Amino acid sequence: METTLPRLFKKIAHEHPEIAFQMSRCSDGHFEPTTYKEAYENVVAFAGGLLSVGVTRNEHIGLISDNRKEWQQADLGLLAIGAIDVPRGCDATIGDLEYILSFAECKLVIIENNAQLAKIISIKEKLPLVKRLIMFDDPTDKDLESAKESGFELFSFRQLLNAGLKYNSENPEKFDEELAKGQWDDLATIIFTSGTTGLPKGVMLSHGNFITQLDEVDERIYLYPGDRGLLVLPIWHAFERAVEYVVMSQSATLCYSKPIGQILLADIQALNPQVIPAVPRVFEAVYDGIFKKIRKTGGITYRIFQFFLNIALFHSKLDRVLFDRTTRYGMDKRWLQWPAFVIPWLVCYPIKLLGGVLVFRKIRKMMGSGFRAGVAGGGALPPAVDKFFWAIGVKLVEGYGLTETAPIISVRPIDRPVLGNVGSPVRGISARVVDPATRKPVKRGKKGVLEVKGGTVMKGYYKQPELTAQAINENGWFNTGDLARLTANNEIVLQGRMKDTIVQTGGENVEPLPIEMKIQESRYVQTAVVLGQDQRYLAALIVPEKSELEAFAKAADLPFKKYEDIVKSPEALHLIETEIATRVNAKNGFKSYERINKIALVAKPFEVGVELSAKQEIMRYRINEIYSKEIKALFKQS
């Protein structure tokens, strides 16, 4: 494996020059390929263009853009000459940009379009170091004039490519010299976390951090030259970035789509990808869409679907136990279960196969004929979604990591996934579970805080040595902040987030995530947020699934003029309370203090940048701020 990302890209481009590196959507809607050869030529030209305007090794360059083919080409170009990117998406607020670009001391900023130009111009006084801007879109005369009046020198991406061609022809050895200087431990990027707990931190990741994970991830998530990965996540995010390197390192093709149901499904049919990496909410949306469509059809079709699904779920459960594909913490005792399980397994098998032909084949077809697996990361995959796709024969594996670990720590192998965990650590990474109080390792199978050590762990937080010391101890162990157990096979079973743990007045510690995922299994619930810190009972904010709640209201003949009327109705409140009570109870393994006593319904769906982070995780501190009035009312009797 090469020691820097651009050198790795050069090697692949020379080995497979005519394979498509990227498939990007044109203005007329069809997808246009860019070969590895074409992309590499642009990388070399852009690097030369940067050198021509005075960019130097170790310089920080802002990169404010959403997914597009120019992003990866520009990034590999700047990395090739030893510069360091500071990325963010177009949804970044003016406040985010002011903090990130000034704190990271960027002198040059690459932007996607004139909307980002307007943001930068509006905070010019707060960015005294920024002198030059490069725009992926071709700037208009008005854009050029606005930039000039504000004291910025504005170039187009195309202009830099042309300047680079000229510079490289006049300095034919310079690019290769700069490329050769790159080292494994050189800083590649400073990714500012999306901030689910407050002010973002600048995570410093090296070339080696990213390349370490490619060694074994390429075996667990395997692709062949020319295979396609359909990409839907923000490119500035560590998970998406790592995924792009995984696809690139196997000479496969990056295909850019969007995490929007109709667009995503249409792109799957058009591109026929082998792998689809995404956050769990994307797979939840597919899952919900399937059930909505079947329920809407109703009648005999719905009953047949339910029959075959129940058989498939039961058979899959037996299959996992019999063939050691379920999480275990002790000795393998499968042989004791074979006599009781083998006969029902044999009886159900042909029925499951029939269901696959009559029902599930149509669902699998939605994923394309070449589909190999979905990869869920960036958040917890709900067990109901996990089991459903397993049962119908769609491979969906779950991975785990953090921005601070570049980000991959573990991922289930496609060929032999085990339900209930996120796989064992990849080569180059060690993991242990420690007691939160003493930081001493606990016995295998016991819950504690997960710590990891190895080649993917960040260099530290930019200009924040105190925070770095808190996160990484003197022996190199990084505190993930996640609660976990280690299985008998060294697989990681996540148990919640240490910082999300709710401590009640009775001293009980509650992990909200398992409760929230169970509540969200209801077709009437889009999002659930469990509350109860320093309270004597738990409550929850619930965002209902609008279409399902409206259907309920019509069926129940409730009088309403607008959706908000339904949300405020006692009937809707009672419906959701009943849905929660049937799921969060002792029968399903929940303790008495984990039950939800009160709920409040929220009509407005949560939005990225408001209640949700870029990878669509709930920002709990923001929830407490935005819904303080509703939360106070939930606990006014406590």
Side-chain angles (χ1 to χ4, degrees), residues 232 259-266 268-269 276 278-317 351-352 354-368 371 373-374 376 379-396 398 419 514-528 542-556 563 566 572 575-576 578-584 588 601 605-606 616:
V232 300
I260 300 168
Q262 291 182 336
I263 295 176
L264 177 60
L265 291 174
I268 289 172
Q269 296 305 310
I276 303 176
V279 292
R281 282 182 182 269
V282 171
F283 298 108
E284 285 181 70
V286 175
Y287 169 86
D288 291 338
I290 292 167
F291 275 86
K292 283 180 184 177
K293 186 175 181 179
I294 296 293
R295 280 195 297 268
K296 189 175 181 180
T297 304
I300 187 66
T301 301
Y302 180 67
R303 289 194 289 273
I304 290 172
F305 173 80
Q306 285 285 29
F307 170 75
F308 281 118
L309 178 59
N310 288 333
I311 292 293
L313 288 168
F314 180 62
H315 182 270
S316 296
K317 183 178 180 179
I351 303 174
K352 181 181 179 180
L354 181 62
V357 173
L358 297 178
V359 180
F360 305 138
R361 182 174 61 180
K362 297 175 183 177
I363 298 174
R364 293 195 294 265
K365 191 177 179 181
M366 293 168 55
M367 309 306 289
F371 181 74
L381 181 65
V385 177
D386 202 356
K387 292 174 183 176
F388 169 77
F389 282 110
W390 188 305
I392 68 171
V394 173
K395 287 189 176 180
L396 176 58
E398 187 176 9
L419 192 75
I515 304 173
E516 291 164 352
M517 288 196 295
K518 194 66 180 177
I519 293 172
Q520 287 165 187
E521 288 180 11
S522 168
R523 73 196 221 205
Y524 297 105
V525 177
Q526 183 183 96
T527 310
I542 304 293
V543 179
E545 185 62 52
K546 185 178 179 181
S547 61
E548 295 290 351
L549 197 60
E550 286 177 333
F552 161 77
K554 290 176 182 176
Y563 174 64
I566 307 174
L575 170 71
I576 303 297
T578 303
E579 288 286 305
I580 293 172
T582 58
R583 287 166 174 77
V584 184
N588 288 327
L601 304 186
F606 289 170
Q616 300 184 48

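No hydrogens, no waters, no symmetry mates; every other heavy atom, side chains included, goes into these values. All of these numbers come straight from a predicted model, not from anything done at the bench.
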Nearest heavy-atom neighbours spanning Ile519 and Val525:
O-CB, 3.8 Å
Say you draw a straight line from CZ of Phe360 to CG of Leu354; how long is it, rounded to the nearest 0.5 Å?
10.0 Å
Distance, nearest 0.5 Å, that separates CZ of Arg523 from CD of Glu579
7.5 Å
Can you name the nearest heavy-atom pair linking Ile576 to Ile542, along with the distance?
CG2-CG2, 4.0 Å
Distance-only criterion, 3.5 Å: show the donor-acceptor pairs between side-chain atoms of residues 307-316 and protein atoms not counting sequence neighbours.
unit_1 : atom_1 : unit_2 : atom_2 : d
Asn310 : ND2    : Gln306 : O      : 3.1
His315 : NE2    : Trp345 : O      : 3.4
His315 : NE2    : Trp345 : NE1    : 3.2
Ser316 : OG     : Ala312 : O      : 2.8
Ser316 : OG     : Lys352 : NZ     : 3.1

Check the pair Met367 / Ile276 against side-chain contact (heavy atoms from CB on, under 4.5 Å), numbers first and verdict last.
CA-CA 9 Å; Met367 309 306 289; Ile276 303 176; 4.0 Å; yes
Name all residues meeting the salt bridge (charged side-chain N to carboxylate O under 4.0 Å, His left out) criterion together with Glu550; count only those two or more places apart in sequence or in a different chain, and write none if there are none.
none
Could you tell me which non-hydrogen atom of Ile268 sits nearest to which non-hydrogen atom of Gly368, and how far apart they are?
CG2-N, 3.8 Å
Value rounded to 0.5 Å, distance of CD1 in Ile363 from CD1 in Ile392:
4.5 Å
Nearest-0.5 Å distance, CZ of residue Phe606 to CD of residue Gln526:
9.0 Å
Taking all heavy atoms of Pro259 and all of Val232, pick out the closest pair and write down the distance.
CD-O, 3.3 Å
Nearest heavy-atom pair of Ala380 and Met517: which atoms, and what distance?
CB-SD, 3.9 Å
Could you tell me whether Lys395 atom NZ has more than 12 heavy atoms of other residues or ligands within 6.0 Å of it?
yes
Approximate separation, where rounding is to 0.5 Å, of Leu601 CG and Leu575 CG:
9.0 Å
Nearest 0.5 Å please: distance from the CG atom of Leu381 over to the CG atom of Leu419.
9.0 Å
Step by step, would you call Phe388 with Leu396 a side-chain contact (heavy atoms from CB on, under 4.5 Å)?
CA-CA 10 Å; Phe388 169 77; Leu396 176 58; over 6 Å; no
In residues 278-296, what donor-acceptor pairs under 3.5 Å come from side-chain atoms, sequence neighbours left out?
unit_1 : atom_1 : unit_2 : atom_2 : d
Arg281 : NE     : Gln616 : O      : 2.8
Lys292 : NZ     : Glu545 : OE2    : 2.9
Lys292 : NZ     : Ser547 : OG     : 3.4
Arg295 : NH2    : Glu548 : OE2    : 2.8

